[in-house]
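Below: one structure, written as structure tokens.
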Amino acid sequence: MSNNILKRVKEVYKKQNPSFFVKNINKKKEIQEIIQSRKKFLMNLKLPERVFAEADLLDLGCGSGQNSLVYDTMNSNCDLVEYEKNSLQNAKNLFKKYGKNKYRFFNQDIFKFKKKKLYDFVVSNGV
């Protein structure tokens, strides 16, 4: 992908980021509803919750981190990659408040992200 196209996509994304709504979620009940909804989706895919226990998971384009938080509640260690700084800050706030396992954040373009580490799961939702 050319740098000009990627630059234009990033500019649009800054204005139309679909995960900004999480910034305003402060109630544990609302977070639990998001988590249960996503878990139900995963269970419908026939992925038992135990496969995520102690797994190393990479989320490329994590947005505000709400989907990654689901894996955290199933005892995964999460590495979250997001280039949009506001979204990443929202993810950091969300994990600081609700995260239970190991997690790390990377403010990088997913096309330039390089890591020698091997992961049990790599996810990318809506990117």
Side-chain angles (χ1 to χ4, degrees):
M1 185 179 299
S2 80
N3 285 338
N4 284 340
I5 292 171
L6 188 55
K7 186 176 180 179
R8 289 193 326 227
V9 168
K10 288 179 183 181
E11 289 303 314
V12 170
Y13 186 73
K14 284 181 186 177
K15 296 174 187 171
Q16 302 296 324
N17 185 332
S19 60
F20 279 143
F21 78 93
V22 173
K23 178 167 99 174
N24 299 318
I25 293 179
N26 292 316
K27 296 180 181 174
K28 191 169 186 173
K29 180 182 176 189
E30 292 170 341
I31 292 295
Q32 291 302 324
E33 287 173 4
I34 291 170
I35 290 170
Q36 290 309 315
S37 174
R38 187 68 178 178
K39 276 187 180 179
K40 184 177 179 182
F41 169 76
L42 292 170
M43 298 309 116
N44 284 337
L45 293 175
K46 307 297 184 208
L47 293 171
E49 193 170 325
R50 70 180 179 275
V51 302
F52 295 101
E54 299 181 22
D56 290 323
L57 182 129
L58 174 64
D59 189 347
L60 295 169
C62 70
S64 292
Q66 65 272 16
N67 289 328
S68 301
L69 190 61
V70 174
Y71 300 109
D72 176 82
T73 65
M74 294 188 287
N75 296 315
S76 291
N77 300 310
C78 300
D79 284 357
L80 296 83
V81 180
E82 176 61 48
Y83 70 83
E84 206 286 309
K85 291 179 183 176
N86 291 324
S87 292
L88 191 63
Q89 187 58 52
N90 291 340
K92 287 178 180 180
N93 293 341
L94 195 65
F95 268 77
K96 183 177 181 181
K97 190 168 185 175
Y98 299 106
K100 298 176 183 175
N101 299 289
K102 294 179 188 174
Y103 54 86
R104 295 183 300 175
F105 299 96
F106 300 91
N107 183 212
Q108 288 184 292
D109 183 324
I110 64 171
F111 298 108
K112 296 178 181 174
F113 180 76
K114 295 194 187 316
K115 197 86 171 130
K116 290 184 178 181
K117 178 178 179 172
L118 297 176
Y119 292 90
D120 300 304
F121 292 94
V122 178
V123 298
S124 184
N125 187 58
V127 176

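Just so you know, these numbers use all the heavy atoms, side chains as well, and skip hydrogens, waters and symmetry mates. No experiment lies behind these values; they were computed from the predicted model shown.
Side-chain contact between N101 and E54 is absent, with no heavy atoms from C-beta onward closer than 4.5 Å. The shortest distance between side-chain heavy atoms of I110 and Y83 does not fall below 4.5 Å. Between L80 and F95 the shortest side-chain heavy-atom distance falls below 4.5 Å. Counting only heavy atoms from C-beta outward, the side chains of K85 and Q89 never approach each other to under 4.5 Å. You'll find the side chain of I31 reaches within 4.5 Å of the side chain of L69, heavy atoms only. Contact of the T73 side chain with the Y98 side chain is not registered, since no non-hydrogen atoms from C-beta on lie closer than 4.5 Å. Side-chain atoms of V123 and N67, non-hydrogen and from C-beta on, never get closer than 4.5 Å to each other. In this structure, the side chains of N125 and R38 come closer than 4.5 Å at one or more pairs of heavy atoms.
Closest approach of Y119 and L57 over heavy atoms only: CD2-C, 3.7 Å. Shown here for F121 and V51, the closest heavy-atom pair between the two residues is CE1-O, 3.4 Å. When all heavy atoms of C62 and S68 are compared, the closest pair comes out as CB-OG, 4.0 Å. For the residue pair V81 and Q108, the shortest heavy atom distance occurs at CG1-O, 3.5 Å. When all heavy atoms of C78 and Y71 are compared, the closest pair comes out as SG-CB, 4.1 Å.
Under a 3.5 Å cut-off, the side chain of E82 and the backbone N or O of L88 do not form any donor-acceptor pair. Looking only at distances, no side-chain donor or acceptor of S64 sits under 3.5 Å from a matching main-chain atom of A91. A donor-acceptor distance shorter than 3.5 angstrom exists from the side chain of S76 to the backbone of F52, with no hydrogens or angles considered.
Rounding to the nearest 0.5 angstrom, the gap separating the CG atom in D79 from the CG atom in D56 is 7.5 Å. Considering NZ of K40 and CD1 of I35, their distance stands at 16.0 Å, rounded to 0.5 Å. Rounded to the nearest 0.5 Å, atoms CG (D109) and CD (E84) are 12.5 Å apart. Rounded to the nearest 0.5 angstrom, M43 CE and E49 CD are separated by 5.0 Å. Here Q66 contributes atom CD and S37 contributes atom OG; the two are 11.0 Å apart, rounded to the nearest 0.5 Å.
The environment of K117 atom NZ is dense: over 12 non-hydrogen atoms of other residues, nucleotides or ligands sit within 6.0 angstrom. Other residues, nucleotides and ligands contribute over 12 non-hydrogen atoms within 6.0 Å of the CD atom of E33.
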- Item | Worked verdict on L60 versus F113 for side-chain contact (heavy atoms from CB on, under 4.5 Å) | CA-CA 9 Å; L60 295 169; F113 180 76; 4.2 Å; yes
- Does the side-chain contact (heavy atoms from CB on, under 4.5 Å) test come out yes or no for I34 and E30, once each step is laid out? CA-CA 6 Å; I34 291 170; E30 292 170 341; 5.7 Å; no
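Connection of F106 to F111 is established within a shared hydrophobic cluster, with ILVMFWY side chains joined at heavy-atom distances below 4.5 Å, either directly or through further cluster members.
Taking the charged nitrogens against the carboxylate oxygens, K100 and D72 have no contact shorter than 4.0 Å, which rules out a salt bridge.
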